[in-house]
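Structure first, then comments.
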Amino acid sequence: MTLSQPGRSGPQLFLVFLVMAALIAVAWGVAHPEVIVPPEPRPVETPSQTQPAEQVEPPAEAEQVEPETEPETEPAEPAPVGGATLPGGRRTVFGGNHFLVAYYGTAGTGALGVLGETGIPEAHRRLVRAARPFSRPGAPVQPVYELIVTIADRTPGPDGDYNHDIDPAAVRRYVAAARRQGALVLLDLQPGRADFLDVAKRWEWALRHPHVGLALDPEWRMERGEVPGTVIGSVGAFEVNRTSAWLSRLTVARDLPEKLFVLHQFRTSMVERIDKVRQRPRLALVQHVDGFGNQREKLATYGVVAFPEKFTMGFKLFYDEDVNRMGPREVHRIRPRVRLISFQ
């Protein structure tokens, strides 16, 4: 046999070794791909993400919850939508010839009216007792909580608008209690230097409920340079109409029953161009004459201010300020006829 020459065998053996090493590396890499191809980076996991992706399920309610634009004031339960009714199954406020009797005030204090003198259950019992004598055959009474939710202030506050909102949680309690008790809620606004519409929009979440309406109190609507409590305020028909148009659209869009829309007044100057105030679909427009005094003085104010051609009429009775306060018989004798009474 022929022997290889020593000078050439070294490089040949080296090449054979390299080929064999490469084959071994390829074979090992196929069996261990994670070493050859590093895994892609992954985000840092929170405890809720430690399950494999295919086992994680979204919460059951995820597809049913709409984004909340005002989570701090959103009611605990969504307002009913579509075909909702008022207490007793009616769709109009004064349907069935109802006569409305309200307690007026704010939450947690009796300083602004009788509604807040006690807790809600006791206030409701007192309201029912006060309302019962106003009932007449064929004219049942409807209890109403008239709750001041925006209160005028003598100081400008952080926004410079001379008002503040009460705690939304308190409003939720009144809304929920009224729903259980078959009552209506009337959100009363004292806007200070703010616009009624701007303030009303802050309470849209509550107005989505079918039994919640809106009241504007021009006494506390200030112009620039005016301070609540030092002058009697006023509002123009244009601002009233903008507010009622917004509320009407909200009510119609959500197919809610008719809502109370109340305009307080005890001087003709408080509502400028009242003849231009417009009727709106799904709103029961009420002019509420709320001056205090003896019976003769109250009737005189009513005779001057009342605009029955445009409004259903309302009237206020004061427990402390009225002299020889009117009873149900005197109220039912008032002409033009009164359909809403509130106690303060």
Side-chain angles (χ1 to χ4, degrees), residues 92-95 97-102 104 134 139 142 144 146 148 184 186-191 195-197 199-200 213-223 231-249 251 258-318 321-322 326 328 330-344:
T92 57
V93 171
F94 295 102
N97 200 30
H98 277 76
F99 186 92
L100 275 56
V101 180
Y104 173 95
F134 288 90
Q142 168 66 69
V144 181
E146 184 167 2
I148 311 169
L184 302 181
L186 189 58
L187 306 183
D188 191 279
L189 306 183
Q190 300 178 356
D195 184 282
F196 272 118
L197 178 57
V199 177
L214 188 66
L216 313 184
D217 197 343
E219 178 183 1
W220 306 102
R221 172 66 171 96
M222 302 289 106
E223 298 295 336
V231 296
I232 301 298
S234 65
V235 67
F238 178 74
E239 187 172 324
V240 174
N241 289 338
R242 288 176 63 236
T243 309
S244 65
W246 170 81
L247 183 61
S248 176
R249 288 193 299 269
T251 306
E258 187 178 54
K259 286 186 177 297
L260 266 176
F261 183 75
V262 174
L263 191 61
H264 288 288
Q265 187 177 11
F266 57 87
R267 291 184 179 179
T268 55
S269 60
M270 288 172 60
V271 184
E272 301 166 3
R273 301 301 302 274
I274 193 171
D275 58 310
K276 300 298 182 183
V277 173
R278 299 178 63 178
Q279 302 277 356
R280 299 292 187 190
R282 303 274 183 102
L283 298 188
L285 189 61
V286 175
Q287 182 191 26
H288 189 271
V289 182
D290 54 357
F292 59 82
N294 60 40
Q295 293 190 20
R296 180 182 58 80
E297 292 167 338
K298 290 174 72 75
L299 290 174
T301 298
Y302 185 81
V304 171
V305 173
F307 203 100
E309 300 88 347
K310 183 81 66 173
F311 300 88
T312 299
M313 297 308 303
F315 199 76
K316 181 172 282 189
L317 300 175
F318 290 82
E321 289 84 357
D322 280 351
M326 290 182 177
E330 290 81 15
V331 168
H332 283 302
R333 288 176 178 171
I334 296 174
R335 295 294 182 272
R337 183 185 177 193
V338 170
R339 303 288 300 277
L340 165 64
I341 283 289
S342 66
F343 285 92
Q344 179 172 345

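- Counting all heavy atoms, side chain and backbone alike, Pro336 lies closest to Tyr302 at O-OH, 2.6 Å.
- Considering only residues two or more places apart in sequence or on other chains, Lys298 meets the salt bridge (charged side-chain N to carboxylate O under 4.0 Å, His left out) condition with Asp322.
- Taken from NZ in Lys259 to OG in Ser244, the straight-line distance is 14.0 Å, to the nearest 0.5 Å.
- Looking at Glu146 and His264, their side chains do bring a donor and an acceptor atom within 3.5 Å of each other.
- Between Val286 and Phe261, the closest side-chain pair of non-hydrogen atoms is not below 4.5 Å.
- Contact of the Ser269 side chain with the Ser234 side chain is not registered, since no non-hydrogen atoms from C-beta on lie closer than 4.5 Å.
- Rounding to the nearest 0.5 Å gives a distance of 11.0 Å between CZ of Arg282 and OG1 of Thr92.
- When side chains are defined from C-beta on, Val262 counts as touching Leu186, because their heavy atoms get closer than 4.5 Å.
- In this structure, Leu340 and Met313 have side chains that are not in contact, with every pair of non-hydrogen atoms separated by 4.5 Å or more.
- With a 4.5 Å cut-off on side-chain heavy atoms, Glu239 and Asp195 count as touching.
- Here the side chain of Thr251 pairs a donor or acceptor atom with the backbone of Leu247 at under 3.5 angstrom.
- A 4.5 Å side-chain heavy-atom check between His288 and Phe315 finds every atom pair outside the cut-off.
- For the residue pair Gln287 / Gln265, a side-chain donor-acceptor distance below 3.5 Å is found, with atom types taken as modelled.
- Remark: side-chain polar atoms of Asp217 are not paired, donor with acceptor, to backbone N or O of Trp220 under 3.5 angstrom.
- For the pairing with Thr243, the side chain to side chain contact (heavy atoms under 4.5 Å, CB included) check across Leu263, Leu189, Leu197 returns one residue only, Leu197.
- The side-chain heavy atoms of Lys276 and Val240, taken from C-beta on, include no pair separated by under 4.5 Å.
- Between the side chain of Lys310 and the backbone N or O of Arg278 there is no donor-acceptor pair closer than 3.5 Å.
- Under the side chain to side chain contact (heavy atoms under 4.5 Å, CB included) rule, Thr301 has a single partner from Thr268, Asp290, Val289, which is Val289.
- With hydrogens and angles left out, the side-chain atoms of Arg339 and Thr312 include no donor and acceptor closer than 3.5 Å.
- Tested against Phe318, the residues Phe266, Phe343, Phe292 include a single ring pair (Phe, Tyr, Trp, His ring centres under 6.0 Å) partner, Phe292.
- Relative to the six-membered ring of Tyr104, Lys316 meets both conditions, a distance below 6.0 Å and an angle of at most 45° to the axis.
- For the pair Met270 and Ile232, the minimum side-chain heavy-atom distance is below 4.5 Å.
- Between Glu219 and Arg267 there is no salt bridge, since no side-chain N of the basic residue sits under 4.0 Å from a carboxylate O of the acidic one.
- Atom CG of residue Asp188 and atom OG of residue Ser342 lie 9.0 Å apart, to the nearest 0.5 angstrom.
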Next on the checklist: Before you tell me yes or no, could you show the steps for Gln142 and Leu184 under side-chain contact (heavy atoms from CB on, under 4.5 Å), namely the whole-Å CA-CA distance, both residues' side-chain angles and the distance that decides it to 0.1 Å?
Outcome noted: CA-CA 8 Å; Gln142 168 66 69; Leu184 302 181; 3.9 Å; yes
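- Taking a 6.0 Å sphere around CZ of Phe94, one finds it holds more than 12 heavy atoms contributed by other residues, nucleotides or ligands.
- The distance from the CD1 atom of Ile334 to the CD atom of Gln295 is 8.5 Å, given to the nearest 0.5 Å.
- Between Phe99 and His332, the angle of the ring planes lies from 30° to 60°, which puts this pair in the tilted group.
- A distance of 10.5 Å separates CG of Leu216 from CZ of Arg221, quoted to the nearest 0.5 Å.
- Distance check: Leu260 CG to Leu214 CG gives 10.0 Å after rounding to the nearest 0.5 Å.
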